[in-house]
Amino acid sequence: MSMHAGARAGMSSMRRSRDLLDHRVKKGTLPRMLTFARAYRPLILVFLFVVIADAVVVSVTPLVLREILDVGIVDHRQGLVVGLSLVTALLALVDAGLSLFERRASAVIGESLIYDLRAQVYRHIQEMPIAFFSRTQTGALISRLNNDVIGAQQAFTDLFSNVVGNAVLLAIILSVMFYLSWPITLVALVLLPVFLLPARRVGRRLGTLFQRGMELNAEMNMVMSERFNVAGAMVVKLFGRPRDELAHFESRAGQVRDIGIRQATYQRFFFVALALTASLATAFAYGFGGVAVLHGTLAVGTLVALQAYLARLYGPLTQLSNLNIDYMSAMVSFERLFEVLDLEPMIKDSPEARDVPEGPATLRFDHVDFEYPGADEVSLASLEAVATLERVSRTPVLHDVSFEVAPGTMTALVGPSGAGKTTISLLVSRLYDASSGAVTINGVDVRDVTAASLSATVGVVTQDPHLFHDTLRANLLFARPEASDEEIRAALVAAQIAPLVDSLPLGLDTVVGERGYRLSGGEKQRVALARLLLKAPRLVVLDEATAHLDNESEAAVQRALDETMQKRTSLVIAHRLSTVRNADQILVIDAGRIVQRGTHEELLDRGGLYRDLYETQFASQYLTHRVGPSIDVDDGGGGPAQ
């Protein structure tokens, strides 16, 4: 290992914050970390053997050069000179081969470990409840899958190879140097504190600077992430704030620039100090050694060999002097990963979970109470926007909710905003679990069925469905990857979206854009309905699927909804008058309770909250209803303006 290679590796250690040295590693972290190495134990052993062998080969080369100078040249032994030169070339080839194998083995171990860790963390995150994602910063999760995984990987490759390789190389170099000339070796070691003490001080300062630099870069990246997505860019343009946004970004970028300059200055100081120390050591070595050569007490070849060893001495010493920082960095990375892996999902399959019973779906709520879980139950402080979890008393959202939706019927939920309608729909698909009582499908509590069978049974469309930044085909096949082209076509026709798809130059291979922004609201809703139809669930949950649409789009979506709900059990958060009128039963929700239930006509006759909501939201239709004949909502017409 050369002096500058060792310096670069040493710098990577010093970039960590000084706080690492004060960090207390949690008990059990190291043994748990080592469990990840079990799958790669044979390769790790071979890797470490190659590292040691390479260190031996590197340390032998100066001795061969010494023999060439002191024996071959001095004694005019041409054959020996040629032979030892070939040995030097062979050692170089062996060193190159070992280095290539070492890098290959390191890459295999490191990249495989990254894959294993990322897959395990990703799988665990996918199992977390929706409450986890509603609180967690996306960027913080991505950081765990990128930065922390890479930091953990370095424990198995860089840290292991540096410790073993540098320790062996340093032991051999010092042993040989003392053997060749202990006075010159002592001079070299006396100069070592001249470099190491300032370097460690500079390293601590660099650690602080790099930590702050990472924070500033993260803040700058967050600004770009929020402003470069479609929604953020639209807000900036609609409010006419591009200049202010530019000034805001320039301020963040300027801070990154300034701290980058300071980092570069300190880094250069480090390399200058290392080069200066090595130069001083070289000067002293040639000074003392040159005098010894003149007096005949030291051979020229020995002096050259000592100089070669000096060039290899400071790199390993630098890395080993920062071993504690490397170790703590790896441990902190593992701790942060284990922190996520140790967060138990609130919602998961029970050991006795079974599939949802076959047959038409019957949905039943039996005295259900619900309150949203606290932050400390579903999240981690380190994954939230502010690293603290508020502790507030939880307020019940649903109170003693009981109702049944018979197979093939539709139940509509109506009520003021915040009454608890969406919460009821979330319990059906088990995005949350009831605090007490039970939600059953075909007589089985949803907590006792498998997540896969529940997902196959229940289909949900929200008022703002999400489409991935992919093709229409990929978004539709997300519901059922094995669906044929004929089945996709049938779903598009039923969702009233086939003519639009046919008009697109690329058809189903058209990319919809981020969150489907290349489609209108009504088009996106109909694509979501087509995806639902392709899934073919027995129980459909619609959460205001026609909200915020214009009349034409709402009419098209409503026709698609009529097709979707045929012969299916449906729970609908009502927004459109026809949905309310056509429902087999209407549940009026207020403050988390069912305050009224019945058909449209029954509830109108009773008065109360339903009639108030009806008159407020459907005033023109209500007046027509009171003074004229019963309303027949045109299946092809748009709903009332909201």
Side-chain angles (χ1 to χ4, degrees), residues 1-15 36-37 39-68 83-115 150-177 267 270-271 274-275 278 282 304-323 325-327 329-330:
M1 177 181 290
S2 68
M3 177 187 72
H4 292 293
R8 285 191 295 271
M11 283 302 302
S12 67
S13 298
M14 293 184 176
R15 291 178 185 180
F36 284 89
Y40 309 102
R41 186 182 301 169
L43 185 57
I44 290 175
L45 292 176
V46 173
F47 169 65
L48 295 178
F49 174 79
V50 171
V51 169
I52 295 171
D54 193 30
V56 173
V57 170
V58 168
S59 61
V60 167
T61 303
L63 292 178
V64 178
L65 295 176
R66 169 178 176 257
E67 290 301 307
I68 291 176
L84 291 178
S85 297
L86 291 176
V87 171
T88 304
L90 179 62
L91 289 173
L93 290 173
V94 172
D95 179 37
L98 291 174
S99 296
L100 288 174
F101 182 86
E102 179 184 334
R103 185 66 190 96
R104 170 70 178 177
S106 174
V108 170
I109 297 170
E111 295 303 323
S112 298
L113 180 67
I114 287 176
Y115 171 81
I150 292 174
Q153 170 260 334
Q154 290 174 347
F156 286 94
T157 52
D158 295 350
L159 184 57
F160 280 1
S161 62
N162 287 342
V163 171
V164 176
N166 288 317
V168 172
L169 185 59
L170 188 61
I172 294 175
I173 288 175
L174 288 176
S175 298
V176 176
M177 286 183 68
Q267 282 180 310
F270 177 86
F271 284 110
L274 177 59
T282 300
V304 172
L306 284 168
Q307 177 54 36
Y309 283 123
L310 276 175
R312 291 170 168 82
L313 177 65
Y314 288 96
L317 280 172
T318 301
Q319 291 189 65
L320 291 176
S321 68
N322 291 284
L323 176 61
I325 300 179
D326 285 327
Y327 171 76
S329 177

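Along the sequence shown, the residues carry numbers beginning at 1. Quick caveat: nothing in here was measured; it's all calculated off a predicted structure.
Interatomic distance, Phe47 CZ to Ile52 CD1, rounded to the nearest 0.5 Å: 10.5 Å. The CG atom of Asp95 lies 11.0 Å from the CG atom of Leu90; values are rounded to the nearest 0.5 Å. The line from CG of Leu48 to CD of Glu102 is 9.5 Å long, rounded to the nearest 0.5 Å. Interatomic distance, Leu86 CG to Leu93 CG, rounded to the nearest 0.5 Å: 10.5 Å. The distance from atom CZ of Arg103 to atom CG of Leu100, rounded to the nearest 0.5 Å, is 10.5 Å.
The two residues Ser59 and Leu169 have their closest heavy-atom pair at CB-CD1, 4.2 Å. The two residues Ala305 and Pro62 have their closest heavy-atom pair at CB-O, 3.6 Å. Residue Leu98 comes nearest to Ala53 through the heavy atom pair CD1-C, 4.0 Å, listed as atom of the first residue, atom of the second, then distance.
Tyr309 places a side-chain heavy atom less than 4.5 Å from the side chain of Leu63. Here the side chains of Arg66 and Leu306 are not in contact, with every heavy-atom distance at 4.5 Å or above.
Legend: residues meeting side chain to side chain contact (heavy atoms under 4.5 Å, CB included) with Val60, ordered by chain and number and at least two apart, are Val56, Val64, Leu91. Applying the side chain to side chain contact (heavy atoms under 4.5 Å, CB included) criterion to Phe101, with sequence neighbours excluded, gives Val46, Val50, Ala105. Legend: residues meeting side chain to side chain contact (heavy atoms under 4.5 Å, CB included) with Arg104, ordered by chain and number and at least two apart, are Val108. By the side chain to side chain contact (heavy atoms under 4.5 Å, CB included) test, Glu111 pairs with Ile114, sequence neighbours left out.
A donor-acceptor distance shorter than 3.5 angstrom exists from the side chain of Thr88 to the backbone of Leu84, with no hydrogens or angles considered.
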